[in-house]
> 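Structure in structure tokens, see below.
Chain identifiers are assigned alphabetically (A, B, ...) following the order of the sequence lines, protein sequences preceding nucleic acid strands; residue numbering begins at 1 within each chain.
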There are 2 protein chains.
Amino acid sequence: MSPEELAEQIAAGNVRAVARACRLVDDHAPEARELLRLLHPHSQAAWTIGVTGSPGAGKSTLVDRLIERFRAEKKRVGVVAVDPTSPFSGGAILGDRVRMQRHFEDAEVFIRSLATRGALGGLSRSAADVVGVLAAWGADVVLLETVGVGQDELEVTEVCDTTLVVVSPGLGDDVQALKAGILEVADVFAVNKADHAGADATVRDLEAMQALGDATLSAHDGHVRFRPAIVRTVATTNQGIEDLVRALEAHRDAALQHGEAKRQQRAATTLRRLITQALTERAFSELGTAVEEAERRIVEGTSDPYSECDALVRRLSIPRS
Amino acid sequence: MSPEELAEQIAAGNVRAVARACRLVDDHAPEARELLRLLHPHSQAAWTIGVTGSPGAGKSTLVDRLIERFRAEKKRVGVVAVDPTSPFSGGAILGDRVRMQRHFEDAEVFIRSLATRGALGGLSRSAADVVGVLAAWGADVVLLETVGVGQDELEVTEVCDTTLVVVSPGLGDDVQALKAGILEVADVFAVNKADHAGADATVRDLEAMQALGDATLSAHDGHVRFRPAIVRTVATTNQGIEDLVRALEAHRDAALQHGEAKRQQRAATTLRRLITQALTERAFSELGTAVEEAERRIVEGTSDPYSECDALVRRLSIPRS
């Protein structure tokens with residue numbers, strides 16, 4: 001099937017075409033780029049929500065509840081779930097997602113798992129592209145659930161309209177970890193497992209950090225930032241989900257008014273990512289075994305990485321398409 | 001001062017030259033690459049130890065104890081401490097490192113802080129190069145302390161001979177987080193704050209994961225892997241530090257026998273990193289404002305990132321040095 005035919009079928013809502021496109025994109029098949037180019041105009045309407053936070057905070061259960069809630073409104077829902085690929089976990093973490101599988105028989109829900117690119121998490125290189133495929137399929141909402149370890153929090157904000165950070169009491173969401181950046185990426189906080197001891201303390205910590213952040217930010221750039229809502233949830237018993245959805249929607253509506261800057265940012269990120277990928281793929285393919293020969297000289301001690309890099313880059317002809 | 005003169009002074013042990021070189025490297029000054037090339041032959045003898053783990057596990061205090069311990073043996077010690085650069089933290093995390101400052105007056109200890117490259121951590125791009133500078137200065141041991149959030153754990157193993165993972169009871173080091181990759185990168189575990197409740201449970205969790213890992217690994221590739229030691233420490237009261245150093249040294253000695261593969265891996269990583277950096281820097285500098293023009297078309301909806309990427313890469317002449 002040509003990329004044109006596949007793109008047409010996806011835009012027409014064909015689920016099997018979507019599954020096929022996800023595979024092509026994840027395998028970096030040669031026709032994937034053309035397909036993504038064709039799908040791009042169709043993928044601009046979906047609301048994309050990133051769900052991140054520490055492992056064990058209850059992200060999968062919360063995503064399951066959000067699917068349920070959006071389906072009650074007859075919305076079409078796409079889910080991209082990023083899984084760690086570790087020889088040790090061996091898919092065990094997937095167990096948390098068993099609950100989500102009850103949606104597999106719903107034709108208006110499409111769930112796709114992706115492996116992380118490294119043992120320690122980080123968003124799969126394909127994640128942004130698969131989100132685009134599900135959006136082009138006509139999903140009203142696409143949920144992107146991360147592993148929650150690694151830099152993927154930062155990448156999620158580049159891919160999604162709204163970023164939900166899930167924290168839970170006493171599970172490594174201590175003040176220091178929050179300081180280290182999570183506050184910057186959150187559009188909405190869910191304090192999940194809110195029935196556990198320590199939930200109040202977690203909410204208080206978040207509020208204190210926000211107050212500090214507000215002060216720092218106004219000192220920095222003088223404008224008022226969207227202040228993330230803090231919502232208490234108990235995903236296992238479906239508590240707080242309505243409040244959570246309202247907070248997410250409030251962010252979406254507020255963000256629409258400032259959407260230009262975010263779309264600009266996202267276009268820039270995607271374009272830079274594609275250019276870097278294209279350049280390095282072509283360069284290493286052109287250099288071939290010369291790279292391994294250079295490595296050998298470095299290991300032998302007859303050369304160093306800096307000289308070898310210069311020599312290799314000089315050898316490159318033109319990385320044209 | 002020319003890179004040649006600077007390299008000579010560093011190799012002669014001049015601390016001010018080291019400070020200057022660290023600045024040049026961190027600023028990506030034009031002469032930094034030449035300097036690093038000249039220092040490379042001098043930077044191969046140091047023992048590099050990466051120290052990673054969750055925020056709040058006590059990494060800085062443990063590093064402080066390790067400096068003290070190595071100094072008692074008259075070893076020259078370099079420390080690279082990676083700090084998160086967050087508008088919210090504003091350097092507050094540095095407070096943990098106040099203790100370490102007692103070593104600042106010791107001419108045989110050189111401590112350099114580096115900012116992370118993004119709000120959410122990850123090893124600074126300069127970290128590997130600064131480790132090289134301190135090694136060339138003649139440090140017997142270089143300790144690289146990470147922020148402990150993000151993918152930096154994985155990167156640390158690429159830069160360091162020995163990776164120490166610091167965990168502490170009940171601080172987010174739950175089984176799920178461990179599964180997600182930390183076990184793969186650890187050469188030695190320190191269960192710090194071992195006087196706290198839950199330390200036994202943490203040690204048991206680690207042992208259980210190791211047993212599982214052993215089974216998985218032998219099934220996978222049939223050879224026996226170095227099994228990380230698990231050492232209990234209380235850094236604040238200096239307990240367990242001797243045991244920890246012995247475990248680190250045992251790893252170093254064992255690794256020496258299998259060092260070829262690791263050095264090969266590291267040469268490959270460094271070379272690939274340098275090539276990718278060189279290519280993208282040159283490409284974006286050559287493309288200039290054309291990138292922003294392409295972004296504008298994408299945001300306006302008159303084009304898409306895939307077509308623009310192809311057009312831009314086609315425009316590139318030769319990314320020669």
> Taking C-beta and beyond as the side chain, do B/Leu38 and A/Tyr306 meet within less than 4.5 Å on heavy atoms?
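The answer is no; the side chains never approach within 4.5 Å.
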> Please flag which part of A/Leu274 lies under 4.5 Å from any non-hydrogen atom of chain B: side chain, backbone, both or neither.
both
> So, do A/Phe284 and B/Thr276 sit near enough that their side-chain heavy atoms are less than 4.5 Å apart?
yes
> Could A/Arg37 and B/Asp310 be called an ion pair, given the rule that one side-chain N must be under 4.0 Å from one carboxylate O?
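No, this pair does not count.
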> Just do the side chain to side chain contact (heavy atoms under 4.5 Å, CB included) check on B/Cys309 and A/Arg273 with the steps written out, would you?
CA-CA 9 Å; B/Cys309 170; A/Arg273 172 175 65 84; over 6 Å; no
> Quick one: does B/Asp304's side chain get under 4.5 Å of A/Pro41's, heavy atoms only?
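No; the side chains remain at least 4.5 Å from each other.
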> State whether A/Arg272 and B/Glu308 are salt-bridged, where the test is any N-O pair (Lys NZ or Arg NE/NH1/NH2 against Asp/Glu carboxylate O) under 4.0 Å.
no
> Return the CG to CD1 distance between A/Leu279 and B/Ile275, rounded to the nearest 0.5 Å.
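Reported value, rounded in 0.5 Å steps: 12.5 Å.
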> Apply side chain to side chain contact (heavy atoms under 4.5 Å, CB included) to residues B/Thr270 and A/Ile298 and explain how you reach the verdict.
CA-CA 10 Å; B/Thr270 307; A/Ile298 298 167; over 6 Å; no
> The criterion is side-chain hydrogen bond (donor to acceptor under 3.5 Å, both in side chains); which residues satisfy it with A/Thr280, sequence neighbours excluded?
none
> Need one label for B/Leu312: side chain, backbone, both or neither, based on atoms under 4.5 Å from any heavy atom in chain A.
side chain
> Taking side-chain hydrogen bond (donor to acceptor under 3.5 Å, both in side chains) as the definition, give me every residue that meets it alongside A/Arg296, ordered by chain and number, with sequence neighbours left out.
none
> With B/His40 as reference, evaluate A/Pro305, A/Ser307, A/Ser303 under the side chain to side chain contact (heavy atoms under 4.5 Å, CB included) test and give the passing residue.
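Between B/His40 and the candidates, side chain to side chain contact (heavy atoms under 4.5 Å, CB included) is satisfied uniquely by A/Pro305.
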